[in-house]
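Here's the structure, in C-alpha cells; my notes come after.
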Amino acid sequence: MQFIETRGNDGKRPAKVTFSEAILNPSASHGGLYAPEALPDMSIGFLSEYLQSDYKTLAYALLQAFEIDIDDELIHEALERYDRFDDPNNPVPVAQVEEDAYVSELYHGPTRAFKDMALQPFGVILSALAEERNEEYLIMAATSGDTGPATLETFKNRPNIKVTCLYPSGGTSDVQRLQMVTEDAPNLKVIGIEGNFDDAQSALKELLVSDAFRKELKKRGIKLSAANSVNFGRIIFQIIYHIHSYLELVRQDVIALGEEVYLIVPSGNFGNALGAYYAKKAGLPVRKILIASNANNILTDWINTGVYDISDRTLVQTESPAMDILKSSNVERVLFDKFGAERTRKLMESLNETGAYRLTDEERKAIQEDFAGIYSTDEEGERIIAHYAEKGYLMDPHTATCFKAYEKLREEKIPTVVYSTAEWTKFSPTVAKALGIEVDGDREALEVIHQELGVPIPRVIAELFDKEIVHRTVVGKEEIMKEMLDFL
Ligand SMILES: *Cc1c(COP(=O)(O)O)cnc(C)c1O
C-alpha cells in the first residue's frame, strides 16, 4: 500500500510513498501528513477469521492487510515487544466495570501508559529501517510526561537512532521524571528545561526550523524523524487494539459478531481516536466514537459546532496533562479522509493563519456521523475516580474523563468500550486527592493507595525511586542547542 499527502503534492516530493518512507520522513508537502491511500477490509469476514487469535496474530494479520513494505521477519520481531507486557498472551485486558461498560486497559506495557502500545513495536521497525539504509536519525521529543518515557524506552540501545527528550523541569510527576532521568543508554539524552511544557515544546519547534541547527545536523550526517502520532508508524499500531477490544467482547459473550458498540476515547492529539476511526471505516461494527476531553475542550467544540478556533484560547493545565493540547494533529487526517486534500489544505492554512477554521453544516454533519464529543472538569474527573474506586475499580484521571461521555453521549444503551490510557500509578497524587487522602509526592501517594485499596504497584514503578539518576542536565532555553550538539 502507498501513502498520500493530506494537503496535496508540491511537485517536489513524490506524490505517493511507501510505508517505510512515510515513517522515516513523516512530513509531507505543504506541512501535511501521510495517510493511507485506501484501507483494507476488516469487516465480518476478517473479524470471524481472527476471532480466536491472540494479540500478536491479529496484529500481524492487520499489518499484512495494509501490505506494508516491511519484511515478515522484522514485523515479527517488532510484535515480540508485546511479550514485555504484563500478560504476553493478552497484552490488552478488557474489564467490565458497569453492566454495559468495558474498560480496555492499554497501559500494561513497560512505561504504564498507552503510548507503549504503538511506540514499542514502532521503535524496532524505525531503527531497523535506519540501519538497513545505513542512515542515522535523530528523534526529538518534547514531553509533558508520557511520550518522553515511552520514546526513550523503545529506542534505548537501538542502532542508528538517537533520542533527545525535553521535559519541563518541575512540570511532570515524580514518576514521569524518574522514568526519563534514570533511563541509561548512550543514544539517549534527557534535558530538563526551566519552564513549563509550552516552553519545552516551543524550544523544540524553534530548533526544528533553525538553519544553524539543521546545518550542524547535516555536518554530522544526521537526519530528523519523529515519533509522535504525526508519524503513521504510530497510527497503524493504534488500529489493532480497537479490533482486539471488539473481539474480546465477542469472546466474553457480551455481543454477537456484527453487533455495534460505542468506543470512548480520551483524546489529545487524536491518534488513538484516529485509529478507532480507521477501524470503523475498515468495517469494525462501531456505532460511534465518543471523544472525551478535559477543560482544553477544543475537540468538543469542533465536533459539536464545526468550528475549530484556538485564536483566543490559552492552554489550561489540568489533572489529565496528556490531553492538554490545543492543536490536535490527527484531526487533519480525518478532514483529509472525508473532504479531500484541497479542502484540508485550505482548512489547515486558515488554522495556521487565523487560528481558526469553520466547517460547513454538511461537513459538520459528516463528522458527527462518526464522532460525538464532551469534556469533563478536573472535579468531575475526581468524582468519577472516587465513585469507581468505591466499586473496586481504580482508574487514572485520563480514563476518568470517559465516563461523562458514557453517561451523556450514548443514544442507546449498547455495550461500550472505554479506553484506559494510563495506569493509576503514573498519576497517584491526583488519584489520592480524588480519594480524599492527603499525601506529599508520588512515593507516598503510591504507598498509601497501595495500602488502603490493596492494589498492586508494578515493579517498574516501585524500583524507580532507588534507581541512579543519569540525566542531570537542567538548562534555560538558550542552552538547549548547545547541549544537544554536545551530545550528538
Ligand atoms: C497520549 C495520551 C492521551 C491522548 O492520546 P491521543 O492519541 O494523543 O489523543 C490520553 N491519555 C494518556 C494517558 C496519554 O498518554
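Indexing begins at 1, ligand by ligand and atom by atom, following the structure's order.
- At a 4.0 Å heavy-atom cut-off, ligand 1 touches N272 through backbone and side chain alike.
- If you number the atoms of ligand 1 from 1 as listed, the ones under 4.0 Å from a heavy atom of M323 come out as 10 (C).
- For K115, every heavy-atom contact with ligand 1 shorter than 4.0 Å involves the side chain, none the backbone.
- A cation-pi arrangement is present between K404 and Y375, with the terminal nitrogen or guanidinium carbon under 6.0 Å from the aromatic centre and inside a 45° cone about the axis.
- Residues Y278 and D337 bring no donor and acceptor atom of their side chains to less than 3.5 Å of each other.
- Of the options T318, D378, T300, a side chain to side chain donor-acceptor pair (under 3.5 Å) to N294 is made by T318 and by none of the others.
- Considering backbone and side-chain atoms alike, F270 places an N or O below 3.5 Å from some N or O of ligand 1.
- Within the structure, the closest approach of P266 to ligand 1 falls below 4.0 Å when heavy atoms are considered.
- Ligand 1 places these atoms under 4.0 Å from at least one heavy atom of D146: 12 (C), 13 (C), 14 (C), 15 (O).
- Other residues, nucleotides and ligands contribute at most 12 non-hydrogen atoms within 6.0 Å of the CD atom of Q317.
- At least one N or O atom of G271, backbone or side chain, sits closer than 3.5 Å to an N or O atom of ligand 1.
- Atom OG of residue S29 and atom CD1 of residue I4 lie 12.0 Å apart, to the nearest 0.5 angstrom.
- The protein heavy atom nearest to atom 12 (C) of ligand 1 is T421 OG1, 3.3 Å.
- Of all protein heavy atoms, the one lying nearest to atom 4 (C) of ligand 1 is G268 N, 3.6 Å.
- In this structure, atom 8 (O) of ligand 1 lies nearest to the protein heavy atom N269 N, 2.8 Å.
- Here's the thing with Q238: none of its N/O atoms is less than 3.5 angstrom from an N/O atom of ligand 1.
- Between the side chains of N330 and S229, at least one donor N or O sits under 3.5 Å from an acceptor N or O.
- Residues E98 and Y388 bring a donor and an acceptor atom of their side chains to less than 3.5 Å of each other.
- With hydrogens and angles left out, the side-chain atoms of W424 and Y107 include no donor and acceptor closer than 3.5 Å.
- Note that CZ of R333 and CZ of F232 are 6.5 Å apart. Values are rounded to the nearest 0.5 Å.
- Checking only distances, H398 never comes within under 3.5 Å of ligand 1, N or O to N or O.
- Atoms of ligand 1 lying under 4.0 Å from any heavy atom of A422, numbered from 1 in the order shown and given with element: 13 (C).
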